[in-house]
Novice: 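Input: one structure, supplied below.
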Number of protein chains: 2
Amino acid sequence: MSINWERQAQKGKDILTNSIPKQWLVAAEKLPPASQKSVVDFPRQSGLLSTRELIITDMSATSLVMEMGKGALTAEEVVTAFLKRAVIGHQLLNFATEFLTDEAIARARELDEYYRRTGKLVGPLHGVPISVKEHISMKNRTCNTGYVAWVDKVYTEDSLLLQLLTKAGAVFHVRTNQPQSLMHLCCSNNITGTTVNPHNRTLTPGGSSGGEGASMGFRCAPLGIGTDIGGSIRCPAAFCGAYGFRPSSMRNPCTGLKVASSGQETIHGVVGPMSSCSIEDLELFQRAVLEQEPWDIETSLMPVPWRSVAPTREMTVAIMWDDGCVRPHPPITRALRHARDKLVAAGIKVVDWEPYKHQHGWEVISALYYPDAAAKQRELLAESGEPARPLTEWALSYSRSNALSHAETWSLQEQREIYKDEYHALLKRRGVDFILSPTYSGVAAVMGESQYWNYTAIWNIADLPSAVFPSGLTVDSKLDALTEHDKKYIPRDAADEREWRKYQGPERYEGAPIGLQIAGRRFKDEETLAAAKLVEEIVSRRVDAKL
Amino acid sequence: MSINWERQAQKGKDILTNSIPKQWLVAAEKLPPASQKSVVDFPRQSGLLSTRELIITDMSATSLVMEMGKGALTAEEVVTAFLKRAVIGHQLLNFATEFLTDEAIARARELDEYYRRTGKLVGPLHGVPISVKEHISMKNRTCNTGYVAWVDKVYTEDSLLLQLLTKAGAVFHVRTNQPQSLMHLCCSNNITGTTVNPHNRTLTPGGSSGGEGASMGFRCAPLGIGTDIGGSIRCPAAFCGAYGFRPSSMRNPCTGLKVASSGQETIHGVVGPMSSCSIEDLELFQRAVLEQEPWDIETSLMPVPWRSVAPTREMTVAIMWDDGCVRPHPPITRALRHARDKLVAAGIKVVDWEPYKHQHGWEVISALYYPDAAAKQRELLAESGEPARPLTEWALSYSRSNALSHAETWSLQEQREIYKDEYHALLKRRGVDFILSPTYSGVAAVMGESQYWNYTAIWNIADLPSAVFPSGLTVDSKLDALTEHDKKYIPRDAADEREWRKYQGPERYEGAPIGLQIAGRRFKDEETLAAAKLVEEIVSRRVDAKL
């Protein structure tokens with residue numbers, strides 16, 4: 001059995017190995033030593049990219065499109081620059097599952113030809129390289145979703161989302177890694193292995209869109225695509241110092257996403273954008289998708305166009321310091337204090353958010369992840385004989401030992417709806433527009449330790465649009481040391497203790513960026529991104545305290 | 001056991017009996033004989049209602065509101081007139097489960113007082129009496145959903161829909177009957193018995209909103225509220241010569257509707273309006289509900305306001321003569337021909353509709369009605385010990401003998417989504433805006449015979465908005481006689497044979513109105529009602545052939 005699964009897994013690994021454009025591979029001796037934790041400065045320091053390539057790969061999608069619209073950049077040079085950076089990134093972080101070099105360059109040339117012929121861009125994402133989480137299926141390519149059993153499963157169609165992005169001008173140049181089962185807040189499987197965090201390679205990039213997290217953190221693409229049913233876009237964005245958006249469910253098209261339990265609707269996962277650069281790019285992505293009216297093809301989506309919303313300071317932001325279950329680590333609390341001070345100084349109304357039954361919310365959503373006692377996942381593991389990774393075991397432990405009956409499932413679904421309605425009513429009653437909170441109990445977790453989902457999963461059950469952005473702060477060996485007061489903290493329960501004990505001190509998390517999460521009211525996706533843009537600008541001091 | 005359930009059932013019957021306003025009860029000898037089939041002319045012929053009351057009860061909700069707005073009618077006299085007519089209707093049809101006389105009159109007086117004080121109406125449904133299907137729960141009242149086990153279950157809140165309608169000015173004066181389990185296209189339970197059709201009391205009013213069908217057919221209210229998961233609004237509207245609308249799912253609020261399998265989402269039922277008078281009234285209802293943004297309370301609803309859409313002749317109407325499974329009875333085919341001729345004469349583009357895998361659609365939806373092998377329904381029957389009605393047995397026979405596994409359920413859900421998307425794509429590809437079709441294989445079924453759901457259920461799985469309106473024709477003893485050609489019809493299978501054999505000839509269906517159904521594209525609720533209005537006007541000759 002074990003020989004068997006390893007031979008299967010090798011096929012998936014071969015797809016990756018064979019796809020790497022050899023001309024851009026960096027000789028091992030030119031790479032930083034394995035012991036070097038942060039590699040984010042390597043592209044600049046190594047001299048492997050030209051100045052022009054460094055400038056290009058530092059630009060946002062919005063800026064790239066603008067420059068291509070002026071004829072100042074070609075799609076081909078943009079895609080090539082990001083491909084080169086992605087190859088380096090892959091050597092350092094193991095974030096890719098497949099490079100799409102030839103197709104990406106051919107497509108870029110087509111776009112350039114179109115621009116030369118017409119003087120126009122094909123769409124709002126003309127020439128923008130986008131990295132794509134592997135389980136978003138592509139025509140004539142395998143799609144393994146992190147399962148060895150699926151390594152040679154080939155699909156005949158692009159996912160609907162990719163079709164729309166292609167029409168908008170996007171170029172897909174690299175597919176990215178995900179954990180076995182898709183249900184880890186990390187990125188490790190038995191096919192292409194483990195992805196690491198560009199800011200500190202002893203830390204996880206998060207997950208399940210962990211390859212995307214690394215791709216964004218290392219700027220292997222200005223935009224990426226992740227999926228999120230419990231934090232899988234937001235956690236890697238936060239861990240890697242990037243941006244991510246979990247739209248409301250039933251907004252972005254999910255046709256063609258491959259998951260173990262296809263057709264399951266107990267909790268709706270979403271697909272959404274990640275960005276290396278800005279909230280503005282997340283908005284660009286959303287607009288490009290929704291202006292194509294995907295609900296006219298995937299008819300369960302909400303028929304709601306993307307609205308233009310300007311940021312406003314006339315809002316109330318509530319800060320959730322703690323979810324009442326698991327105490328955030330010192331760097332997170334420091335970033336929230338920093339944000340509070342900045343927002344208050346900028347004249348924003350800031351209040352505290354008292355969490356509403358988050359433990360109950362977690363009990364409902366975690367039971368609804370696996371109503372079948374994870375039978376589908378276990379079947380897929382058994383099919384190849386691959387061993388379960390430790391965090392797969394952890395995630396599967398959320399499920400009860402026996403499948404829920406239909407009656408139990410329906411009762412939980414009813415509780416889910418009640419909780420969602422109650423959370424929305426509470427926001428209205430308290431007059432709160434946005435909740436600023438941790439994305440996770442800590443910064444990027446030490447490999448294997450990312451176990452607490454509920455700072456993100458809570459917005460999946462409440463179905464609140466939520467965006468993650470970097471606070472501009474990173475873990476600080478002095479500011480984030482445990483105080484005497486911290487050391488006396490008495491955890492509320494075993495989970496709180498488990499998470500709190502992990503911190504130990506800032507040393508374990510050297511260089512880790514501190515991301516924050518902002519959630520808006522139900523359906524207020526546009527307002528949430530607009531607010532995130534303003535809040536991020538204020539928090540990271542990029543605008544004056546007063547406009 | 002049997003004494004027990006009968007004692008329980010009697011409680012429900014007592015609620016009804018005690019609620020009937022005795023002052024308006026008609027002495028038995030003044031009622032038409034039990035053998036008289038049609039009673040629709042009884043209010044006019046009997047002299048029991050004044051001329052003014054007859055005029056009022058013949059008016060549409062739209063007209064009533066207009067007259068109340070001018071001060072030409074009071075809410076109290078409107079509600080009183082409908083209450084009187086409803087009492088007569090109940091004596092003839094057994095359609096009510098509870099009269100709300102005192103509350104309705106008190107509420108009407110409040111509305112009149114408000115109007116006197118301000119010169120304004122409280123809302124778009126000011127003073128409009130609305131009959132309400134029993135399982136739509138009301139504050140401080142029982143709600144049995146057709147189950148003996150629930151006869152003394154009292155609720156503490158009005159359903160959200162009723163709260164919104166109350167704000168819009170509506171007055172609820174009578175609650176109406178439904179079949180045991182809610183899953184019959186007829187209206188018979190062990191509590192308040194069997195409702196009959198006002199046009200022919202040997203026929204069923206349809207179901208499951210059968211009390212509403214009778215209420216509309218006898219004009220016991222200008223508007224009613226039904227629910228529909230397989231045809232339960234549209235079938236009774238068609239059977240009773242009335243109007244009904246199945247909106248897209250996730251549009252009207254369902255919070256507070258009591259069903260056996262609360263929290264089940266395999267197929268989303270909907271709640272929607274029925275009208276005794278006009279499509280315009282259905283639109284009035286929808287606008288009044290959606291302008292209150294129910295999605296801001298029931299947050300899974302689509303955040304889509306009701307749009308104003310004017311009818312247009314620039315449309316393509318496809319006629320579905322037969323669903324490829326069960327051949328419609330002669331009166332239905334005659335009404336479709338009549339409609340086709342009228343529409344063509346009016347310059348509307350009319351084509352034929354080739355049905356798309358309706359048998360497959362039925363297999364998917366019928367399996368998804370009872371993934372638990374109807375365990376919840378059977379439990380509720382067992383709880384009281386009441387016997388299952390024959391059509392309950394019929395409906396439960398759709399379920400397999402064992403509960404579906406989660407994997408099977410998810411696979412069916414996936415097939416449901418694919419089918420829905422494919423049906424929508426087909427409408428677009430064929431350039432068809434609306435499908436005009438039978439609502440049922442025949443006109444109102446003989447009691448106990450309404451077994452074929454798929455002329456309506458197919459639009460539940462495809463989730464197409466669909467409206468029913470009277471063609472203006474009724475069964476004709478000559479025109480609808482079986483022809484020699486008809487007599488030679490060789491049914492396609494057992495279901496087709498079962499349904500075709502029921503017809504026998506027009507005599508069984510004397511006086512039955514012939515309703516037709518029009519379905520629009522996904523999400524085009526507003527366009528569907530606008531088209532239904534125009535089509536109905538053309539088909540029933542109420543407008544000229546050319547505008």
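Chain naming here is simple, since letters A, B, ... match the order of the sequence lines and numbering starts at 1 in each. Note that this is a predicted model, so its numbers are computed, not measured.
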Novice: What part of A/Leu160 is in contact with chain B, defined as an atom under 4.5 angstrom from a non-hydrogen atom: side chain, backbone, both or neither?
Specialist: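 Answer is neither: A/Leu160 stays 4.5 Å or more from chain B.
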Novice: Please tabulate, one pair per line, the donor and acceptor atoms of chain B and chain A that lie under 3.5 Å from each other, or say none if there are none.
Specialist:
residue: A/Ser262; atom: OG; partner: B/Glu414; partner atom: OE1; Å: 3.4
residue: A/Ser262; atom: OG; partner: B/Glu414; partner atom: OE2; Å: 2.4
residue: A/Gly263; atom: O; partner: B/Gln413; partner atom: NE2; Å: 2.6
residue: A/Glu265; atom: OE1; partner: B/Arg416; partner atom: NH2; Å: 3.1
residue: A/Glu265; atom: OE2; partner: B/Arg416; partner atom: NH2; Å: 2.4
residue: A/Asp296; atom: O; partner: B/His424; partner atom: NE2; Å: 3.2
residue: A/Asp296; atom: O; partner: B/Lys428; partner atom: NZ; Å: 2.9
residue: A/Asp296; atom: OD1; partner: B/His424; partner atom: NE2; Å: 2.6
residue: A/Asp296; atom: OD2; partner: B/Lys428; partner atom: NZ; Å: 2.9
residue: A/Thr299; atom: N; partner: B/Asp421; partner atom: OD1; Å: 2.9
residue: A/Thr299; atom: O; partner: B/Arg522; partner atom: NE; Å: 2.5
residue: A/Thr299; atom: O; partner: B/Arg522; partner atom: NH2; Å: 2.8
residue: A/Thr299; atom: OG1; partner: B/Asp421; partner atom: OD1; Å: 2.7
residue: A/Ser300; atom: OG; partner: B/Glu417; partner atom: OE1; Å: 2.5
residue: A/Ser300; atom: OG; partner: B/Glu417; partner atom: OE2; Å: 3.4
residue: A/Ser300; atom: OG; partner: B/Lys420; partner atom: NZ; Å: 2.4
residue: A/Pro371; atom: O; partner: B/His406; partner atom: NE2; Å: 3.2
residue: A/Leu404; atom: O; partner: B/His406; partner atom: NE2; Å: 2.7
residue: A/His406; atom: NE2; partner: B/Pro371; partner atom: O; Å: 3.2
residue: A/His406; atom: NE2; partner: B/Leu404; partner atom: O; Å: 2.7
residue: A/Gln413; atom: NE2; partner: B/Gly263; partner atom: O; Å: 2.6
residue: A/Glu414; atom: OE1; partner: B/Ser262; partner atom: OG; Å: 3.4
residue: A/Glu414; atom: OE2; partner: B/Ser262; partner atom: OG; Å: 2.4
residue: A/Arg416; atom: NH2; partner: B/Glu265; partner atom: OE1; Å: 3.1
residue: A/Arg416; atom: NH2; partner: B/Glu265; partner atom: OE2; Å: 2.3
residue: A/Glu417; atom: OE1; partner: B/Ser300; partner atom: OG; Å: 2.5
residue: A/Glu417; atom: OE2; partner: B/Ser300; partner atom: OG; Å: 3.4
residue: A/Lys420; atom: NZ; partner: B/Ser300; partner atom: OG; Å: 2.4
residue: A/Asp421; atom: OD1; partner: B/Thr299; partner atom: N; Å: 2.9
residue: A/Asp421; atom: OD1; partner: B/Thr299; partner atom: OG1; Å: 2.7
residue: A/His424; atom: NE2; partner: B/Asp296; partner atom: O; Å: 3.2
residue: A/His424; atom: NE2; partner: B/Asp296; partner atom: OD1; Å: 2.6
residue: A/Lys428; atom: NZ; partner: B/Asp296; partner atom: O; Å: 2.9
residue: A/Lys428; atom: NZ; partner: B/Asp296; partner atom: OD2; Å: 2.9
residue: A/Arg522; atom: NE; partner: B/Thr299; partner atom: O; Å: 2.5
residue: A/Arg522; atom: NH2; partner: B/Thr299; partner atom: O; Å: 2.8

Novice: Considering only heavy atoms and a distance below 4.5 Å, find which of A/Pro371, A/Ala403, A/Ala375 pairs most often with chain B.
Specialist: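 Of the options given, most contacts go to A/Pro371.
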Novice: Rounded at 0.5 Å granularity, tell me how far CD1 in B/Ile458 sits from CD1 in B/Ile365.
Specialist: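 Those atoms lie 7.5 Å apart.
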Novice: In the structure I gave you, are the side-chain heavy atoms of B/Met138 and B/Cys143 within less than 4.5 Å of one another anywhere?
Specialist: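 Of all side-chain heavy-atom pairs linking B/Cys143 with B/Met138, none is under 4.5 Å.
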Novice: How far apart are the closest heavy atoms of B/Ala374 and B/Leu396, and which atoms are they?
Specialist: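 What the structure gives for the nearest pair is CB-CD2, 3.6 Å.
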Novice: I'd like to check A/Val148 versus A/Leu380 (side-chain heavy atoms, cut-off strictly below 4.5 Å). Are they in contact?
Specialist: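 Result no, sub-4.5 Å side-chain heavy-atom pair not found.
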Novice: Checking A/Leu464 against A/Leu427 for the side chain to side chain contact (heavy atoms under 4.5 Å, CB included) test, could you report, in this order, the C-alpha distance in whole Å, the side-chain angles of both residues, the deciding distance, and whether it holds?
Specialist: CA-CA 11 Å; A/Leu464 301 188; A/Leu427 279 158; 3.9 Å; yes
Novice: Kindly compute the distance separating CD1 (B/Ile229) from CD1 (B/Ile267), expressed to the nearest 0.5 Å.
Specialist: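 Those atoms lie 6.5 Å apart.
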Novice: Do the side chains of A/Cys254 and A/Val270 get nearer than 4.5 Å, heavy atoms only?
Specialist: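 Sidechains of A/Cys254 and A/Val270: no contact.
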